[in-house]
Amino acid sequence: MAFIRKRRQERELYSKERFSLLLLNLEEYYFEQHRANHIINKGCRDERKIRGSLKVCSKSIIFEPDESLQPIIKIPLRDCVSIKAPEDNEANNPFLRETSGGISVVCNQVFLIKERNVIAPYKTIRGKTEHLFQLDVAGKLGDVVQTLHQLYRASCLDKMGDQAAMITAILQSRLARTSFDKNRFQSISETLRMECKAEMVTPLVTNPGHVCVTDANLYFQPLNGYPKPVVQITLQNVRRIYKRRHGLMPLGLEVFCTENDICSDIYLKFYNCQDRDELYYLIAAYIENHITEHTAESYMLQWQRGHISNYQYLLHLNNLADRSCNDLSQYPVFPWIIADYSSTELDLTKPETFRDLSKPIGALNKERLERLLTRYEEMPEPKFMYGSHYSSPGYVLFYLVRVAPEYMLCLQNGKFDHADRMFNSVAETWKNCLDGATDFKELIPEFYENDSSFLVNSLKLDLGKRQGGKAVEDVELPPWASGPDDFLRKSQEALESQYVSEHLHEWIDLVFGCKQKGSKAVTACNVFHPLTYEGGVDLNSIMDPNEKVALLTQILEFGQTPKQLFTTPHPQRIMPKSSSRTSSHSVSITESPVSPNEESFEDLTEESITLAWNNISKLRQDEQYKIHKEAITGIAVTCNGSSVFTTSQDSTLKMFSKESKTLQRSVSFSNMALSSCIILPGDTTVVSSSWDNNIYFYSVAFGRRQDILMGHDDAVSKICWRDGCLYSASWDSTVKVWKCVPGETLSNKRNCFELLAELEHDVSVNTIDLTASNSILASGTKEGTISVWDVTTATVLHQLPCHSGTVFDAAFSPDGRHLLSAGEDCCFKVIDVQTGMLISSVTAGEPQRCFRWDGNTVLSGSQSGELLTWDLLSGKVTERIKGHAGAVTSMWMNEQCNSVITGGEDRQIIFWKLQY
């Protein structure tokens, strides 16, 4: 739990110190501190000195007493009447009149914070009061008073933009006079790579200082030494690094030393893009050798395949979309999942239990939506449907006030929200999101984690009383939850349920995807204020500093829409067979279309295939034979595995006996190269494609050419056979589908070929593959384009320029949901068949000429002759196996996936077996 865990870590590290940056106003800086006494009743019999620390901040003076029962005193500079010091003798200046031994601050208003060390709304003391502070080091008086005078003048400026500009000038001057203390290096042998100014970002506050990068560490040294002198991160521990948009500007950088945690180790905001980018590339160059950078598409593939949960996937998407637990205006957003908060039992098998994930919160109530749409139609440009956002700092702290009360006090000027507007009840909050005129908020990750403390008032905070006199205590939970932990457990179950897994992609389209903005957002009733979108306003184009500050404040408080990650519809998750079987356990055996024995056999076959792929890296050479004079282009094997047929660029089709280990037949159809071969069902006919534009049918039983199909105007590159249909790809830029009625071999009757479809391309087609259902065909061209076709209608579904250069091989995953291609550009590309989205790209060191895969793991034949096994999800090679003396040009694998035959440019065929 990112937010709460971070708060607890900070509390453990600095538990003795009551001061925190949260006591400052938003956009305020803490400059320096001095040990001092707060003198009360100076010169009187009951004079007292309270020891503590005087903090000089950009908009206030804060005194933190050592005694924890004493309140922290915060004096806003704008409310000061005079600030004076004893060594100043300029009588005409009301701020520089002499006093006895200290700094006298006269003000009209002061805040008392954490009185008796209790977190509570700030106590306001109005009326003119004088506060005398005596510094331990008297020699610093002049500098401190001069700084306070400068900051006082800034606070008295009428316009916020002018105030911000003057404070920024003071800050930059201080940073320019200092530099990183090199004595803080962990080792004297470290080499400095870069040093610059930046601010460390934590929720609601930023802390200026100096960033330093060496060949071993990343350092941040706060200008004020708070909360510790130096923050140090070992580069060797860095696992992820992301550029961030902070304050609508591309100035942020977030560094993670963990693989899956959304809570980073440091978040930095720079003063210019150049410094940010230079530091990013320094760290990225250091870690690139052992860290794989994940994209939204690579996480999508893992999620689709069930390797990461719905919760993990949403965390990764939030992270990639600039959402961070360090930035409450861009806090991770999670969906409302459950719609039933009144039942005593939560039934996750009923669709009505769940919220409609295809609609934004504002569109769930039809009557409210109609009112909003009427207003939208009447609104002048720029139009928006919702006047508030689904995620903002106020909404985040609405949920977390019980564990992060100081953040709420910081955001709301020392006050909690009205008791009736607090997060009192889950059911009430959901109802208000459905019915409220301006409430469209979603949830946060904490609702699907394991720490339920945000639902319990364990700090015994006085959050006020509701109408009727009832005090705000723990959050009221729905009847189906026995307690806070049970509520979270059932919320997690709901998030990972089959219904949500089948529909989560619809919500992703709304928040991170193609329905986030544009015409699709309008159709989906998902239009928010234009200022909330990335690129909605260019702050650099606004010259008036006051307008800029006002606009930035408005946007940050209102909330921001995540960065758009997908521009095409997000594919649905692939639900495993076990899920469907589990859901049908109530069906009797007699009603089931599959008998128990058949199902067991299917399960056994699937288990053996899974076992084979899990051990595919243990593939070892069994035998090898040189049977051709040129590179081998195709391999086909009879059902019993006894006979192996191969084609080659030497124009021959050869039959090799696996049992006798001898070459039994060699057939030449023409003087042109053969490009591929297949065996038809029954093992009686071998079909070969040729560069002479023809397709040859060879009778195994009679040892002669049975037929010839002259169907193309250029070389035939690849053929497939499914359910009595022949599919042929050609360099004449077509893929043709033929219905083949076999002739009578003993008579003179030839096969009858009927052209069913012709799929036209712009360039030569090099490879094709079909899904198991035979309804979808993929083709890869010599110019790198992948096309996905609906064979039944002969229409193209998707067309993507995937590769630069020839597509060597393409194949669907066993479930037909994904298509993998390998190209001349040394890349593997994964396409989601349903949406046509390119969801993964893996770069190899050399071209991979052919491959087999199970949807997760790839066995490929490389240009150099090695067999490589790949974990496609991580994009890494798991094993390299020496094979051919030249490119691997053809590969065959049996149905059990435990036997492989490869052919290469070295004219050899190699038999491979798994050694478990």
Decide yes or no on side-chain contact (heavy atoms from CB on, under 4.5 Å) for Asp327 and His246, but give the supporting numbers first.
CA-CA 8 Å; Asp327 186 351; His246 186 272; 3.9 Å; yes

Please examine the side chains of Phe558 and Leu531, heavy atoms only from C-beta on, and report whether any two atoms are closer than 4.5 Å.
no

Do the rings of Phe423 and Phe398 sit parallel, tilted or perpendicular, given the 30° and 60° boundaries?
tilted

Which residue in the set Arg323, Glu442, Lys441 passes side chain to side chain donor-acceptor pair (under 3.5 Å) when paired with Ser391?
Arg323

So, Gln560 and Tyr533: side-chain donor and acceptor under 3.5 Å apart, yes or no?
no

Taking the six-membered ring where the residue is Trp, are the ring centres of Tyr399 and Phe447 under 6.0 Å apart?
yes

Please determine whether a side-chain nitrogen of the Lys or Arg among Arg51 and Asp136 lies less than 4.0 Å from a carboxylate oxygen of the Asp or Glu.
yes

Between Glu557 and Ser392, which heavy-atom pair has the shortest distance, and what is it?
O-CB, 3.6 Å

Where does the angle between the aromatic ring planes of His529 and Phe384 fall among parallel (under 30°), tilted (30 to 60°) and perpendicular (over 60°)?
tilted

Any donor-acceptor pair under 3.5 Å linking the side-chain atoms of Ser179 with those of Glu195?
no

Using side-chain heavy atoms (C-beta onward) and a distance below 4.5 Å, is Ile233 in contact with Ile266?
yes

Student check: side-chain heavy atoms of Leu551 and Val549 closer than 4.5 Å
no

Side-chain donor-acceptor pair present, Gln232, Thr234, cut-off under 3.5 Å
yes

Backbone of Glu473 reached by a side-chain donor or acceptor of Arg402 within 3.5 Å
yes

Euclidean distance, Arg276 CZ relative to Leu253 CG, rounded to 0.5 Å
7.0 Å

Does any N or O in the side chain of Thr178 come within less than 3.5 Å of the main-chain N or O of Arg174, such that one atom is a donor and the other an acceptor?
yes

Expected output: side-chain Lys49 to main-chain Ile40 donor-acceptor under 3.5 Å:
no

What are the two closest non-hydrogen atoms of Cys325 and Pro332, and how far apart are they?
N-CD, 4.0 Å

Determine the sole option in Val231, Thr214, Val211 for which the side chain to side chain contact (heavy atoms under 4.5 Å, CB included) test with Tyr219 is passed.
Thr214

Between SG of Cys263 and CG of Asn326, what distance do you get to the nearest 0.5 Å?
6.5 Å

Backbone of Ala419 reached by a side-chain donor or acceptor of Asn424 within 3.5 Å
yes

Taking the ring of Tyr242 and the ring of Tyr280, is the distance between their centroids below 6.0 Å?
no

Note: His34 and Val144 closest approach over all heavy atoms is NE2-CG2, 3.3 Å

Passing option when Glu254 is tested against Arg244, Lys243, Arg240 for salt bridge (charged side-chain N to carboxylate O under 4.0 Å, His left out):
Arg244

Kindly say whether Ile125 contributes a backbone atom to a donor-acceptor pair with the side chain of Gln109 at under 3.5 angstrom?
no

For the residue pair Lys59 / Gln163, report whether a side-chain donor-acceptor contact shorter than 3.5 Å exists.
no

No-hydrogen, no-angle side-chain donor-acceptor test under 3.5 Å, Thr532 and Thr561:
yes

Calculate, to the nearest 0.5 Å, the distance between atoms CG and CD1 belonging to Leu23 and Ile72 respectively.
5.0 Å

Heavy-atom check, side chain of Leu251 versus side chain of Cys273, under 4.5 Å:
yes

Heavy-atom closest pair, residues Ser388 and Asp439:
OG-N, 4.4 Å

Locate the shortest heavy-atom distance separating Val403 from Pro405; write the atom from each residue and the value.
C-CD, 3.3 Å

Less than 4.5 Å apart, any side-chain heavy atom of Glu67 and any of Ile50?
no

Does the ring center of Phe19 lie less than 6.0 Å from the ring center of Tyr226?
yes

Should Glu27 and Asn25 count as side-chain neighbours, where that means a heavy-atom distance under 4.5 Å?
no

Can a donor-acceptor pair be found, under 3.5 Å and without considering hydrogens, that links the side chain of Asp79 to the backbone of Asn108?
no

Please report the interatomic distance OG(Ser104) to NZ(Lys42), rounded to the nearest 0.5 Å.
11.0 Å

Are side-chain heavy atoms of Phe270 and Leu279 found at a separation under 4.5 Å?
yes

Any luck finding a side-chain donor-acceptor pair between Thr129 and His131 under 3.5 Å?
yes

In terms of side-chain geometry, is the basic nitrogen of Arg35 or Asp66 positioned less than 4.0 Å from the acidic oxygen of its partner?
yes

Is a side-chain N or O of Gln330 found less than 3.5 angstrom from the main chain of Arg245, in a donor-acceptor match?
yes

Answer yes or no: is there a donor N or O on one side and an acceptor on the other, between the side chain of Ser20 and the main chain of Leu22, under 3.5 Å?
yes

Side chain to side chain, Phe334 and Asn318, heavy atoms closer than 4.5 Å
yes

What about Phe528 and Tyr390, are their ring centers closer than 6.0 Å?
yes

Step by step, work out the side-chain contact (heavy atoms from CB on, under 4.5 Å) result for Leu192 and Cys212.
CA-CA 7 Å; Leu192 177 66; Cys212 192; 3.1 Å; yes

If you round to the nearest 0.5 Å, how far is CG of Leu21 from OG1 of Thr202?
6.0 Å

For a quick test of reading the model, state the closest non-hydrogen atom pair linking Phe440 to Gly387 and the distance between them.
CE1-N, 4.3 Å

Short side-chain donor-acceptor distance under 3.5 Å, Asn457 and Asp474:
no

For the CG atom of Leu397 and the CG atom of Leu204, what is their distance to the nearest 0.5 Å?
6.0 Å

Does Arg78 reach the main-chain N or O of Leu157 with its side chain, forming a donor-acceptor pair under 3.5 Å?
no

Determine, step by step, whether Glu64 and Lys74 satisfy the salt bridge (Lys or Arg N to Asp or Glu O under 4.0 Å) criterion, reporting the C-alpha distance in whole Å, the side-chain angles of both residues, the deciding distance to 0.1 Å, and the verdict.
CA-CA 9 Å; Glu64 178 193 15; Lys74 178 179 179 179; over 6 Å; no

Worked verdict on Lys465 versus Val472 for side-chain contact (heavy atoms from CB on, under 4.5 Å)
CA-CA 6 Å; Lys465 293 183 178 180; Val472 175; over 6 Å; no

Donor-acceptor check, side chain of Asn37 to backbone of Leu135, threshold 3.5 angstrom: yes or no?
no

For the NZ atom on Lys159, are there more than 12 heavy atoms of other groups (residues, nucleotides or ligands in this structure) within a distance under 6.0 Å?
no

Evaluate side-chain contact (heavy atoms from CB on, under 4.5 Å) for Ser324 paired with Tyr267, printing each intermediate quantity in order.
CA-CA 9 Å; Ser324 168; Tyr267 187 144; 3.5 Å; yes

